[in-house]
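Here the structure is laid out as structure tokens; the discussion comes afterwards.
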Amino acid sequence: MNIREIHLRVIQAPLKKPFVTHLETVRKREAIIVEAIDVEGRCGYGEAVPFSSPWYTEETIQTCWHMLNDFLIPLTFKTTWHHPEELPRVWKGIRRNHMAKSALEQALWDLYAKQQEVYLGDLFGGHRKEITTGAVIAATSMNEALSQIEEYEKTGYERYKIKIHPENDLELLSAIRSSFPELPLMADANGAYTLDMAEHLKQFDAFQLLMIEQPLSHFDIVEHAELQRHLETPICLDESIHSVHDVKSAIMLGSCQIFTLKMAKIGGWSAAAAIHEFCLQHDVPLWVGGMIEFGVSRAHNVALATLSGFTLPGDISASSKYWETDIIEPEITVNNGRISVPDEPGIGFAINDKSLRDLTEYQQTYKKRHY
Ligand code: OSB
Ligand code: MG
């Protein structure tokens, strides 16, 4: 692919409003932007989306930097390979660290698509010209949650996801249902429950939820199967899924009926394409998950959502839901619950250089000739 250099930068920005889950309140966000540059000066972009601390996955900004700096970038330069499909093989000696791998894979796939002059989604058989999308409500109080739903409804999001935990769940869901009886609604528990609370969770069946996301622990697949047998509400797994193997296990056991696919958590485009293929064959609905990310990751998510197996609205919101200014141009906008898919090569969005520069905390360049 004639890569000349790879550039890393850590960026940081405050969220417009705090993002509250029972595990953590996120007020500011860091990310690593990976830029892969070829000898002709074309640039591919990827984004590492771990949090600054390991509350959601075990990775952090610092562990991703370490993996990229000390292992992934040196291996990428020192190994002979010709197509980004080969990257999982190039990196196979590195266990997990999926978010670090995903960011570098994204940058190299974007660059490859730009070299081929095709839209990235098309490389994976995507065909949609627009995608439907949902909004996540992670508010500080019940009143705020209700007013956020009202506000987001003006944008026409096609599905609403509310963060819940055992202390607020029934009250919050009842309040939403009495104000918005027909709202396409789901709940995300981020692992806040245990299997001995199955009777409590059974009460959720009355709220007509589209699904409940990750009710039980982040490391569990077996107990979710037991819980799913007890509930009418479909279970969707998020945290439990790190690979196509996890997806197969969950299907074999009946642990869930739906998956949210986060490219970053499973290691990038290759793994995402494999999971998409498996779910398509087994008729399992998928949607694209979110990580409160900046525009580069959002653009990759839009491309992913163009694949036909993503049959449900995902967590890809407008850039302006979280940011004063995003790092891509144009920013991602949602109209009537839809995002139009670009058709420019690669991720299809340009980088807003000024915004990227303004948000940069530190950066480093790696030149191939030094390896
Ligand atoms: O559990 O799906 C989750 C954001 C960060 C970490 C975990 C999760 C989320 C979201 C998506 O809910 C929010 C978004 O990007 O809009
Ligand atoms: Mg989730």
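Order of listing sets the numbers, starting from 1, for every ligand and every atom in it.
- The minimum heavy-atom distance linking I11 with I327 is given by the pair CD1-CD1, 4.1 Å.
- Under 3.5 Å, the side chains of T233 and D205 contain a donor-acceptor pair of N or O atoms.
- Between the side chains of T260 and E213, not a single donor N or O lies within less than 3.5 Å of an accepting N or O.
- Side-chain contact annotation: D196 with T194, donor-acceptor N/O pair under 3.5 Å present.
- The closest approach of E213 to the Mg ion (ligand 2), by N/O/S atoms, is made by OE2.
- Taking 2.8 Å as the threshold, D188 counts as a candidate ligand of the Mg ion (ligand 2), since one of its N, O or S atoms lies below it.
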Could you list each N/O atom of ligand 1 together with any protein N/O atom closer than 3.5 Å, one pair per line with the distance?
residue	atom	partner	partner atom	Å
ligand 1	1 (O)	K163	NZ	3.1
ligand 1	1 (O)	D188	OD2	3.0
ligand 1	1 (O)	N190	ND2	2.7
ligand 1	1 (O)	D238	OD2	3.1
ligand 1	2 (O)	K161	NZ	3.0
ligand 1	2 (O)	D188	OD2	3.3
ligand 1	2 (O)	E213	OE2	3.3
ligand 1	2 (O)	D238	OD2	3.2
ligand 1	2 (O)	K262	NZ	2.9
ligand 1	12 (O)	K161	NZ	3.2
ligand 1	12 (O)	K163	NZ	2.9
ligand 1	15 (O)	M291	N	3.3
ligand 1	15 (O)	I292	N	2.8
ligand 1	16 (O)	Y322	OH	2.7

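- In this structure, CZ on R298 lies 8.0 Å from NZ on K321, to the nearest 0.5 angstrom.
- Between the side chains of T76 and W91, a donor-acceptor pair is found at a separation under 3.5 Å.
- Taking the six-membered ring where tryptophan is involved, the planes of Y322 and F19 are perpendicular, since the angle between them exceeds 60° and thus also 30°.
- Looking at D238, its N, O or S atom nearest to the Mg ion (ligand 2) turns out to be OD2.
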